[in-house]
Structure formats: C-alpha cells, structure tokens
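Okay, structure first, notes after.
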Amino acid sequence: MTSLLPSSSSSPVTIRVLAASTGVTYRMSLHPAELTVASIRNHLAAAVPPNDQILLLGPPYKVPKDTTLQSLEILSSLRLGDKEDEEAMNNGGGGGGLAKDVPTTITQQQSDTQSNISQSQQRSLLSATERSGARRLFLFSKQALSENAPEPPPCVLGPMNVTLPTEPSGSSPLTMTQSAIASQPLHQALSAYERQFMLYLCQGRVLADAADLRLQSCKQCVQEQAVMARALRAAVSNLSDHFNGAARTRSEFTSLFQTKTAVHTLILQRFESILSALGNIPLHPSLVAIARGSGRIMESLLDTVPVERERAWAQQCQTSHDRLLTLFSELETAFGGLGTPASREEETRKDLLAEERIQQLSDEVQGAVQGIRDRQAQRLQRLTADHSKVLKIIMDAINAEVEHGKEDEVQNAFTPLRQISNDAKDIVPEMETDEKLMIELTKKVADAKTEAMKRMKTRLREVSVAQSSIQRVLSSVGVLKAALTQQCDNMVHLEHVAELATSYRDFLSELRRRRAYGQAVTSNSMAMMERLAVMRADEVKAREKFLRGPGRHLMPPFFEIFVPTLATPPPLFTPQIPALAEMDTLPDIGVEDIEDAVMHATTEVGGGVSSASSLTAESHQVPQEKVSVSSVATGTDEALPSASASAHNQQEQLIVSAEENVGNEDVIMDPANGADEAERKTLAYENAILRQTLERLGGKPPKAYIEETRMKDAANEEVAALKKELELAKANAKAAEEALMEAKKANEKPSDKISHSSFDVGDVGLFMPTGRGSGGKRTYLAFHTNCPHRYLSTDNIEGSPDFVLGRIVYQEALVAGEAGTAANPYGLHAGTKFWVLTVEVLKS
C-alpha cells in the first residue's frame with residue numbers, strides 16, 4: 001500500500017520539472033497541500049499555457065495524478081533523479097573557476113589529470129539505468145507537438161565577445177611624494193613598467209572571467225541537451241506502452257474475429273447444401289400425421305423452415321460478412337501502418353546516435369573547454385605573481401635609493417624587470433588565442449543545441465502522430481468489435497438452420513425419454529397401489545385370524561379401554577394420483593431404431609449384451625401370469641438351485657390366512673403383473689437416458705473405450721519402465737561423477753607457480769596496475785602470454801598496491817557492452833570477451 005505525504009506537514013517540497021523542447025529546468029517549492037497536478041500546471045503557466053501542458057512522470061512514463069505526486073515513494077524517487085542530474089552537472093569541478101587570490105599553482109599535469117577524471121565521471125551523463133529507481137517529471141507542449149509548431153529559436157551562449165582594457169585600472173601603487181624623485185626619468189620608467197604589468201593583469205582578468213562564464217554556459221547547455229534526450233526517451237517509452245497495448249488488443253481481437261468469422265463463413269458457404277440436406281431428412285410418420293391433423297403438410301425437416309425468409313436473411317448476413325472482412329483487412333493495414341520492428345529499430349538507432357553526440361559534446365566540454373579555462377586561470381595567476389614581483393623590485397630599488405642613497409639600485413632594477421617583461425609579453429596574446437578557440441567551442445555547443453531542438457521538434461511530432469494513429473486504430477477496433485457482435489446475433493438464425501438436423505435427432509431422443517419417463521411413473525404408481533391393496537388384504541386376514549383365535553379369549557376392557565380399535569379393520573388407502581397430461585401430447589415414435597443400434601454396439605463387447613439391454617430384453621420375456629421373484633426365466637421350482645434359496649427367503653415373510661388355522665401356507669407377497677410391468681418401464685426409462693447420453697457423446701461403441709484404455713495402460717507401463725531406466729542411469733552417472741571429483745581432490749596439490757598461459761580456479765596469477773577505473777580504484781591486469789583481458793576484481797583489495805599476487809578462487813566470463821556503460825568498465829571494444837577474476841591475496 002502506497003503511503004502518502006501528510007498534508008499537515010509544514011516543510012516545503014522542491015519539485016523539478018524538465019522542459020522537453022528546450023531542456024530548461026523549472027524548480028518550484030510547494031507546500032505539501034499544493035502537491036497537485038493543477039498547482040504544478042499553474043506554476044508552469046509562464047512557460048507553457050496550462051491547457052497546452054502534457055506532464056509525464058516515470059519511468060514507467062504515465063500522466064501523473066494527485067495521489068501519485070503525494071506518494072512518499074514517488075517523491076523519494078524524484079529526489080534521487082535530482083541527485084543524479086546534479087552529480088552529472090557538477091562532476092569535473094566546473095562552476096566557479098579558481099580563486100584568484102589563492103596563490104596555489106596548478107601544473108599542466110594536474111590539469112590533465114583533473115580533465116581525465118572529469119571525462120570519466122561525465123560519461124555517466126546519460127548512462128544511468130532504471131535500476132536506481134530514479135524518476136523525473138517532464139513537461140511537453142501540445143503546441144510544440146502540432147504540425148504548425150514554430151521553429152525553435154537559435155541557441156546563443158554568452159559572452160560571445162569581450163572588450164579588453166587599454167589602460168590599467170586605478171592609480172600606481174608607487175609612493176612618490178617628493179617631486180624631485182617623481183621627476184626623475186628612471187623613476188618614471190619604473191612606474192611605466194608597473195603600469196604595463198597592471199595592464200597585462202587587467203586584460204588577463206577579463207579573459208579568465210570570460211572563460212569561467214563560457215565554461216558554465218557550455219556545461220548548462222550540454223545538461224539541457226541531456227534533459228531533452230531523456231525527455232525523448234520518456235516520449236518514446238510512452239509511445240511504446242501505447243503500441244504494446246494496441247498489439248495486445250490486436251492479437252486478442254484477431255483471434256476472436258477469426259474464430260467467429262470462420263464459423264460464419266462455413267455456414268454461409270454451405271447454406272444451400274444445408275437446406276438440401278434438410279429436404280432429404282423425412283419427418284417421423286407420427287409427426288407427419290400430427291401436422292396433417294393440424295391442416296399442415298410437412299414431410300421433411302425442410303418443410304419446418306421458412307426457406308425464403310431464411311435465404312433473404314442469409315443474403316443480408318453475407319453482405320454484412322463481406323463488409324466485416326473488408327473492414328478487418330483495412331484494420332490490419334492500419335495496424336501495419338503503425339510501424340514495423342525494423343522501422344522502430346532504425347529510429348532507436350538514430351536516437352542513440354544523437355545521445356552519443358551529446359555525450360561526445362559533454363566530453364569535449366569537460367576536456368577542451370575545461371582545459372582552456374584552467375590554462376586561463378593559470379596564466380592569470382602568473383600575471384598576478386609577475387605584477388607583485390615587479391612591484392616589489394621597484395619598491396625595493398626606490399627605498400634603497402631614498403634611505404641608503406644607493407642610486408645604482410634603481411639602475412640595476414631594470415635588468416630583472418626587462419627579463420620579466422620579456423617572459424610575460426606572450427601571456428596575454430596566448431590568452432587571446434585560447435579565447436578565440438573557446439569562442440569557437442562555445443558556438444559549436446550552441447549550434448549543437450539548436451540542431452537538437454530542431455530534431456526534438458521533429459521526433460516529438462512523429463511520436464504525436466504515431467500515438468494519434470494508435471488511438472484511431474483502437475477506435476476502429478471498438479467499432480469493428482461492435483459490428484462483429486451484431487453479426488453474431490444476426491447469424492444465430494442461420495445457426496438454428498445449420499443445427500436443425502442434429503437438434504431433430506436430439507428431439508426424437510427427448511421424446512422417447514419423456515415417454516419412457518411417463519410410462520415408468522404410471523406403472524410404478526399402479527404397482528404401488530396394487531401392492532398396498534394386497535398388503536391391506538393380508539392385514540385383514542391376519543386380524544381375523546387373531547380375533548378368531550387368541551383374541552376371542554380377551555376380556556371386554558381390552559376392546560373398550562386399552563385398544564378401542566382392536567376389532568376394527570385397517571383403514572382403506574385410496575390416494576389420488578393426478579394423470580400425466582403431457583403423455584397425451586407426446587407423439588409415439590417408438591424405440592426400435594435406437595434399441596437396435598444400442599444392442600448392436602453393446603454386443604461387440606465380449607460377445608454379449610450390456611446389463612441395461614439385458615434387463616430390457618428380459619422385461620419383454622416375462623409371462624403375464626404370476627411368477628415367483630426368484631424365477632425370472634421359466635417360473636418352475638426346478639429351474640436353478642438359487643431359485644430354491646430365493647423361495648426359502650420369500651417364505652419367511654408369509655402370513656397365514658385366518659381361514660386356515662393350520663396346514664398350507666400361501667405366498668401372497670409375490671410381485672404381481674403390475675410390479676413387473678413397473679420394473680420393466682423403469683428399466684426402459686433408464687435405458688432411454690443412457691442412450692440419449694451416448695448419442696450426445698457421439699455414440700462411440702464401448703469396445704473403443706476399452707481399446708483406448710488398454711493402449712493408455714500399455715503406454716503408461718512403457719513410460720514407467722523408461723523412467724526407472726532413466727533414474728538408474730542418473731544414479732550411475734552421479735556416482736561416477738562423485739568418484740571422479742574425489743579422485744581429483746586426492747591428486748590435486750596447490751601449486752605456487754605463477755600461471756601466465758592459462759588461468760583456472762586454483763592457479764596463481766600476478767596482476768599489475770594499468771590505470772584508474774570508473775570508481776577511482778586502480779585497474780589490474782593479469783601478467784599473461786596470449787591470454788588477454790584477465791582483470792582483477794578489486795572488491796576485496798585494500799588500498800592501491802603496486803602489484804597483487806593471488807590464487808584464483810572464482811572467474812566470470814563477460815562480454816563488453818557499449819563504451820562508457822557499466823557493461824564495459826575497462827574501455828574495451830564493444831563485443832570483446834573479458835574475464836573478471838576473484839583471488840585469495842597471497843602478496844601485494
């Protein structure tokens with residue numbers, strides 16, 4: 001769950017908004033309650049009108065919402081993006097120049113070192129990946145995305161030209177209060193020397209300050225170009241999200257469309273043949289008779305179809321179907337017009353080239369421009385030192401003459417002054433030469449931004465057009481999807497005609513099942529009534545037997561007090577079961593055609609019949625007279641031994657009639673003709689259900705299921721055997737591998753010899769430093785013979801030793817990526833294979 005910034009917090013929140021078209025950064029400090037999209041738009045109204053603003057926050061790049069901006073996670077990621085950009089801007093020490101009053105001397109070697117470090121650090125200007133979690137907020141202008149957007153104004157970086165002073169500033173620091181001394185020619189010559197060096201110093205200061213300003217403007221301009229490159233990434237990423245969504249919609253809709261239209265095409269193409277087939281399927285005679293009784297003549301399935309109306313409807317459906325196919329073809333063309341992977345790769349390649357040019361420009365600023373600025377600062381320090389030295393020489397000479405009367409000191413002062421003057425006469429011209437070179441570099445940076453803004457305008461227009469095309473295509477998908485839904489509804493009528501033959505077959509099965517159900521219900525009801533009547537008659541006989549036997553000796557209280565109903569007959573059970581009116585409306589279509597098919601199918605299994613069919617067959621063979629339950633086939637007592645046992649079980653339930661106190665016992669609970677008929681009808685109903693289910697499943701004979709099961713069992717047995725063999729082979733291989741490893745461990749002895757022609761885990765390698773890496777640590781390369789690119793992992797190396805001798809414990813093979821990225825830390829050519837070795841340090 002995302003936590004939100006409390007609105008009660010009083011600390012302001014600083015937000016950076018990066019303009020996509022110009023790269024300008026807008027900073028605003030907002031109260032937590034003002035962290036809304038509307039508030040940000042109002043703060044940016046001076047740059048872009050609120051109605052023309054488009055804000056993208058990411059990655060992933062989406063239009064922000066108020067809740068998004070108020071999320072602590074989003075604010076933290078925005079601050080992380082600010083930190084990354086500020087570090088990229090400030091790397092290399094650019095900014096304020098060198099303090100002019102600090103007498104620190106910067107050598108050329110130190111300057112070159114700083115320049116190299118700044119170049120190495122500046123390579124991360126656009127190479128930061130999304131793994132850091134940093135986010136940025138970009139501002140786009142709808143007007144800049146329009147077709148009639150004005151051309152961006154040319155970029156001009158200042159100051160372009162500076163005016164050098166022709167006279168030294170201020171008065172001479174020489175103190176010449178005595179007119180006699182001041183009028184001396186030698187003293188005037190000394191004062192001219194001081195004024196000349198002061199002029200050099202003033203001109204040097206102007207040129208050094210101009211170099212500082214130009215370096216700052218160049219850095220700012222490059223940073224703005226980097227912002228524009230990041231904004232283009234955001235726009236392309238947002239376009240990619242739209243394109244991927246459109247691709248998913250296309251895939252889903254294409255699958256649905258092809259599935260539906262394939263069925264529709266088949267029905268429309270075969271519609272006439274379907275009608276002809278329906279004309280060849282006769283109606284059941286009972287149905288024909290019912291139709292004639294209703295004054296209709298229907299002899300085939302085709303007679304039940306309104307043919308002319310369906311044909312007219314089919315023609316309309318065919319027209320709409322063709323129109324749908326045409327629209328779908330146009331939609332596919334529109335999807336193809338959104339761009340191909342090859343075209344998008346070409347655009348991406350051009351964008352990467354533009355970013356590389358920005359990176360090269362940044363390196364040039366951090367190298368050449370920074371170097372010129374540093375040289376100008378050094379020259380300014382030298383001019384300052386020379387002026388101080390000249391002033392000291394002059395003052396010492398004058399003081400020696402005034403205080404000690406040494407007139408030769410003034411004369412002698414001209415020699416070092418001439419030497420200093422000769423040494424310093426080329427400093428200002430050199431500074432002017434570098435000034436011209438810096439002006440050219442500044443113009444190059446400004447022209448690069450002008451071209452970047454023009455390209456940005458073109459690319460953003462292309463992105464805008466592509467997104468508009470995607471929206472139009474998605475709108476067309478919605479229209480076509482609605483048309484397909486309507487077409488599916490229209491085709492339902494034709495689908496009824498196409499499925500009529502199958503539905504008619506199921507209709508006949510349904511009639512047979514319903515008739516079987518009605519007959520089963522009626523037969524069971526009648527059997528139940530007959531059984532209840534027999535039970536009541538038996539109860540009457542049993543009561544009479546009791547009353548005429550033991551009951552006649554009971555006293556009157558047993559009949560009057562204890563059981564008043566002891567002498568009454570059992571109540572008469574006469575339930576009223578409503579008749580099944582549905583049976584009167586169901587045509588009698590018989591069961592012979594289905595029974596023969598099922599019997600034929602079931603006979604194939606084992607050479608006999610199924611239990612359901614056997615029961616049905618037996619029900620037709622039962623005699624119409626009373627038979628014993630145990631004798632189904634013959635009705636005789638000698639039929640089967642099991643029949644006698646069954647009869648013995650039945651005799652345990654017999655009741656002796658009251659009219660025969662002793663002797664013969666009659667079986668009265670035998671299933672009568674009604675019970676037998678009910679059982680037969682029930683079995684017929686169950687068979688009807690089974691047959692209907694088989695028909696819906698395709699009517700596959702049971703033998704086929706048995707064969708399939710046998711084949712599956714055989715395949716499963718074979719797979720199980722193969723699995724056992726595989727497990728055994730794996731076990732043997734594992735045992736052999738373990739034995740080999742143990743043998744290797746037993747025979748291996750660590751060697752202290754330095755490896756140079758091959759490097760494996762356990763070998764000892766000697767690693768020598770080759771330079772500085774991106775992290776500031778030394779880079780170590782293994783001493784080798786024809787085994788290049790073995791670098792030492794410095795994660796566990798302390799300090800910067802002159803060499804490292806260690807035993808290899810792990811090595812990782814990698815491939816160098818693009819130059820200047822984290823995938824190429826050693827500056828190799830892209831695609832070069834290299835190894836990073838982790839060692840146990842033996843000596844360093």
Side-chain angles (χ1 to χ4, degrees), residues 97-112 115 159-176 181-215 368-401 407-442:
L98 298 174
K100 301 176 180 58
D101 56 348
V102 178
T104 302
T105 301
I106 301 178
T107 65
Q108 182 66 32
Q109 182 179 2
Q110 291 174 335
S111 175
D112 294 340
S115 178
M160 293 303 298
N161 296 302
V162 294
T163 302
L164 297 181
T166 57
E167 296 292 336
S169 61
S171 60
S172 174
L174 299 179
T175 305
M176 299 181 182
I181 298 177
S183 62
Q184 295 181 8
L186 292 180
H187 289 186
Q188 293 178 358
L190 292 177
S191 178
Y193 268 110
E194 186 275 331
R195 289 290 84 189
Q196 178 185 358
F197 278 99
M198 176 58 70
L199 178 61
Y200 289 162
L201 179 59
C202 293
Q203 292 176 343
R205 283 175 179 171
V206 171
L207 294 174
D209 291 342
D212 283 339
L213 294 176
R214 289 197 178 92
L215 177 62
V369 179
Q370 178 87 30
I372 293 174
R373 195 288 305 265
D374 292 343
R375 289 198 300 271
Q376 300 289 63
Q378 294 174 30
R379 290 162 179 159
L380 178 61
Q381 286 187 354
R382 182 177 173 183
L383 290 175
T384 303
D386 288 347
H387 179 265
S388 299
K389 189 184 299 183
V390 167
L391 189 60
K392 183 176 184 303
I393 293 173
I394 294 175
M395 293 303 298
D396 290 344
I398 294 177
N399 291 333
E401 181 183 12
E407 298 180 356
D408 294 340
E409 290 296 328
V410 175
Q411 186 69 32
N412 296 334
F414 286 98
T415 301
L417 290 178
R418 282 194 296 271
Q419 181 65 34
I420 296 174
S421 177
N422 292 333
D423 294 340
K425 66 180 180 179
D426 295 331
I427 294 179
V428 173
E430 289 176 354
M431 293 182 74
E432 291 177 344
T433 302
D434 280 350
E435 172 73 6
K436 295 178 181 179
L437 180 59
M438 200 170 194
I439 291 175
E440 293 178 359
L441 293 175
T442 304

Test side chain to side chain contact (heavy atoms under 4.5 Å, CB included) on Leu164 and Glu432 and set out the steps.
CA-CA 10 Å; Leu164 297 181; Glu432 291 177 344; 2.8 Å; yes
With side chains defined as the heavy atoms from C-beta onward, is the minimum distance between [X] and [Y] less than 4.5 Å?
| X | Y | result |
| --- | --- | --- |
| Tyr193 | Ile393 | no |
| Ile439 | Asn161 | yes |
| Met395 | Leu391 | yes |
| Arg373 | Met438 | yes |
| Pro168 | Phe197 | no |

Pro165 to Leu199 - nearest heavy-atom pair and separation:
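Smallest heavy-atom distance, with atoms named: O-CD1, 3.4 Å.
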For residues Leu383 and Gly204, report the shortest heavy-atom separation together with the two atoms involved.
CD1-CA, 3.9 Å
Counting only pairs under 3.5 Å, give me each side-chain donor-acceptor contact of residues 422-429, with atom names and distances, residues two or more places apart or in other chains.
{"residue": "Asn422", "atom": "ND2", "partner": "Arg418", "partner atom": "O", "Å": "3.1"}
{"residue": "Asp423", "atom": "OD1", "partner": "Gln419", "partner atom": "NE2", "Å": "3.4"}
{"residue": "Asp423", "atom": "OD2", "partner": "Gln419", "partner atom": "NE2", "Å": "3.4"}

Spacing of [X] atom [atom1] and [Y] atom [atom2] [to the nearest 0.5 Å]:
| X | Y | atom1 | atom2 | result |
| --- | --- | --- | --- | --- |
| Lys389 | Leu417 | NZ | CG | 11.0 Å |
| Ser421 | Tyr200 | OG | OH | 5.0 Å |
| Gln378 | Met431 | CD | CE | 10.5 Å |

Whether Glu194 side chain and Ile394 backbone form a donor-acceptor pair below 3.5 Å:
no
If the condition is side-chain hydrogen bond (donor to acceptor under 3.5 Å, both in side chains), which residues does Arg382 pass it with, not counting sequence neighbours?
none
With a 4.0 Å cut-off, would you call Glu435 and Arg214 a salt bridge?
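Answer for the salt bridge query: yes.
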If the threshold is 4.0 Å, N to carboxylate O, is there a salt bridge linking Asp209 and Arg205?
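Result for this pair is no, no salt bridge flagged.
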Taking Arg379 as the fixed residue, which of Asp374, Asp434, Thr384 is the one that meets the side-chain hydrogen bond (donor to acceptor under 3.5 Å, both in side chains) rule?
Asp434
Would you check, one step at a time, whether the test side chain to side chain contact (heavy atoms under 4.5 Å, CB included) holds for Leu215 with Thr442?
CA-CA 8 Å; Leu215 177 62; Thr442 304; over 6 Å; no
